[in-house]
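Hydrogens, waters and symmetry mates play no part in the numbers below; they use all other heavy atoms, side chains included. The structure displayed is predicted, hence computed values, not measured ones.
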Amino acid sequence: MNTTPPLPAAYPKSVLLIDDDPEILGTFGLALRNEGYRVFEADSGDEGLKLAREHVPDLIVTDINMPGTDGRTVLQALREDATLGATQVVLMTGNVETFTSRASMDLGADDFLEKPFTYEEFSRCVSARLRRAHVHWRVENRLIADLRANLRSTLPHEFFTPLAGILGLVQVLRGDLRQLREDELNDILAGIERSGWRLHRTLKNYLAILDLDSEDVGQNPRLAVVLPATVKEVIATQVETVSQRHGRGDDVSVTVEPCLLPGEVRSLATIVEELVDNACEFSRKGTPVHVDLSADGAFSVTDRGRGMTSEQIARIGLFHQFDRDTFEQQGLGLGLVLVQKLTAKVGGSFSLESRPREGTTVTVRFPAAGSSG
């Protein structure tokens, strides 16, 4: 079991090392701890992905050539993960004849280490990558602060994560097309399609937030209501669309009681899509996702996925409109900000409950139609 000492205030960063060489894990892991970093160690790609999803480290350093799940597969899985997609990743290898630094960058790595290397070289790389991550986050925070003025001319990292996935998979096709089996080719094409839809969804949400910010503050949400039959149809349609997108089936269930809701059809559709998509994204196929609308206007989506710690929830910045950390939890921030703004527009409330490895419930409580404002 990995144990780590309390973090000094000057080193609030975590590093995940993935390598099947116990000497590298032991030597470099100990040295990083002595510098004050929080360190996680994995001797296989599968274990590394498990620790990454559990702890969401600031930096991941992984060997390329490992039995089973190798570093390339680890990197691809990270770039396709909504939470970990923008994490700084360093690839390392001792076989530079078959894998170069250029190849690692083409796959989406942030840096490359050629074995053997000294700890000084390793430490400089770690420091540089963490500084880069810090700058990346500061840029995002500034984007949020300047949202009204600069939103149309800037692109947050949510755009670049799915784009990197598309480009990386296309690169794989270019290099290995003749050697790929049909099932492998279909998997790659499916990955490109998922990344493309994610990019589409992110852009749509980004522009929707911009449109909401440009609306008159005094606009009266009581002018529009969604009738019960339409509410039921919108929820059913969005749940089916998202379920198909994620390859889900009977594990997604829906209960809708007749309810008149304030707002517009497109806003309701966005709320349903975002919450159900997050539940499917952060839970495995076969585990239940339940969508519920009660007669009093409480709409909730519950999953039995990996859940979140209180620290991770705080990083999302859920309960502070455009809080500095809103975009820092990749894949969650933008959609949930939009849901919160749409909910606030009709005078509703938003809440989230989550436990690690148990699941998450997100609830939007709509006011009685016609009483908001």
Heavy-atom closest contact ([X] atom, [Y] atom, distance):
X	Y	value
Asp70	Ile64	CB-O, 3.0 Å
Glu41	Leu51	O-CD1, 3.3 Å
Gly263	Val346	CA-CG1, 3.8 Å
Glu264	Ala224	CG-CB, 4.0 Å
Leu84	Pro57	CD2-CD, 4.4 Å
Ser14	Val56	OG-O, 4.3 Å

Look up atom [atom1] in [X] and atom [atom2] in [Y], then write down how far apart they are to the nearest 0.5 Å.
X	Y	atom1	atom2	result
Leu49	Ser44	CG	OG	8.5 Å
Leu91	Ile18	CG	CD1	10.0 Å
Leu16	Tyr37	CG	OH	15.0 Å
Leu59	Lys13	CG	NZ	10.5 Å
Phe28	Met92	CZ	CE	8.0 Å
Cys259	Leu227	SG	CG	11.5 Å

For [X], side-chain hydrogen bond (donor to acceptor under 3.5 Å, both in side chains) partners two or more places apart:
X	result
Ser123	Glu35
Thr302	Thr361
Thr27	none
Glu273	Lys204, Arg245

If you define the side chain from C-beta out and look only at heavy atoms, does anything of [X] sit under 4.5 Å from [Y]?
X	Y	value
Phe40	Val15	no
Val90	Ile60	no
Asp251	Thr287	no
Thr230	Val265	yes
Asn278	Val362	no
Leu78	Thr87	no
Phe122	Leu17	yes
Pro367	Pro262	yes

**Q.** Lys/Arg N to Asp/Glu carboxylate O, Glu358 vs Arg306, below 4.0 Å
**A.** no
**Q.** Arg248 with Glu240: basic N within carboxylate O range, under 4.0 Å
**A.** no
Q. Near Asp250 CG, under 6.0 Å, is it more than 12 heavy atoms from other residues, nucleotides or ligands?
A. no
Q | Glu233 atom CD: more than 12 heavy-atom contacts under 6.0 Å | A | no
Q) Which residue pairs pass the salt bridge (Lys or Arg N to Asp or Glu O under 4.0 Å) test when at least one of the two sits in residues 288-304, sequence neighbours left out? A) none
**Q.** Selection residues 15-30 - residue pairs positive for salt bridge (Lys or Arg N to Asp or Glu O under 4.0 Å), sequence neighbours left out
**A.** Asp19-Lys115
Q) Run the side-chain contact (heavy atoms from CB on, under 4.5 Å) check on Val252 and Cys280 step by step: do they pass? A) CA-CA 9 Å; Val252 181; Cys280 291; 4.3 Å; yes
Q. With Ala190, which residues qualify under side-chain contact (heavy atoms from CB on, under 4.5 Å), at least two apart?
A. Arg194
Q. Mind checking what makes side-chain contact (heavy atoms from CB on, under 4.5 Å) contact with Arg365, not counting sequence neighbours?
A. Ala298, Ser349, Thr363
Q) Are Leu130 and Phe117 in one and the same hydrophobic cluster, where Ile, Leu, Val, Met, Phe, Trp and Tyr link if side-chain heavy atoms are under 4.5 Å apart? A) yes
Q | Within one Ile-Leu-Val-Met-Phe-Trp-Tyr cluster: Val61 and Leu30, side-chain cutoff 4.5 Å | A | no
Is there a donor-acceptor pair under 3.5 Å between the side chain of [X] and the backbone N or O of [Y]?
X	Y	value
Ser354	Gly359	yes
Asn186	Glu182	yes
Arg129	Asp58	no
Thr73	Thr69	no
Thr237	Val234	no

Please name all residues satisfying salt bridge (charged side-chain N to carboxylate O under 4.0 Å, His left out) with [X], sequence neighbours left out, ordered by chain then number.
X	answer
Glu257	none
Asp43	none
Arg181	Asp183, Glu184

Q. Is there a side-chain contact (heavy atoms from CB on, under 4.5 Å) between Gln238 and Ile271 once you walk through the steps?
A. CA-CA 9 Å; Gln238 294 304 112; Ile271 290 172; over 6 Å; no
Q | Leu261/Phe299 under side-chain contact (heavy atoms from CB on, under 4.5 Å): CA gap, chis, key distance, verdict | A | CA-CA 10 Å; Leu261 296 181; Phe299 176 75; over 6 Å; no
Q: List the steps and the verdict of side-chain contact (heavy atoms from CB on, under 4.5 Å) for Ser283 and Val289.
A: CA-CA 8 Å; Ser283 63; Val289 171; 3.7 Å; yes
(Q) By the ring-ring contact (aromatic ring centres under 6.0 Å, His included) test, which pairs, at least two apart or in different chains, include something from residues 239-278? (A) none
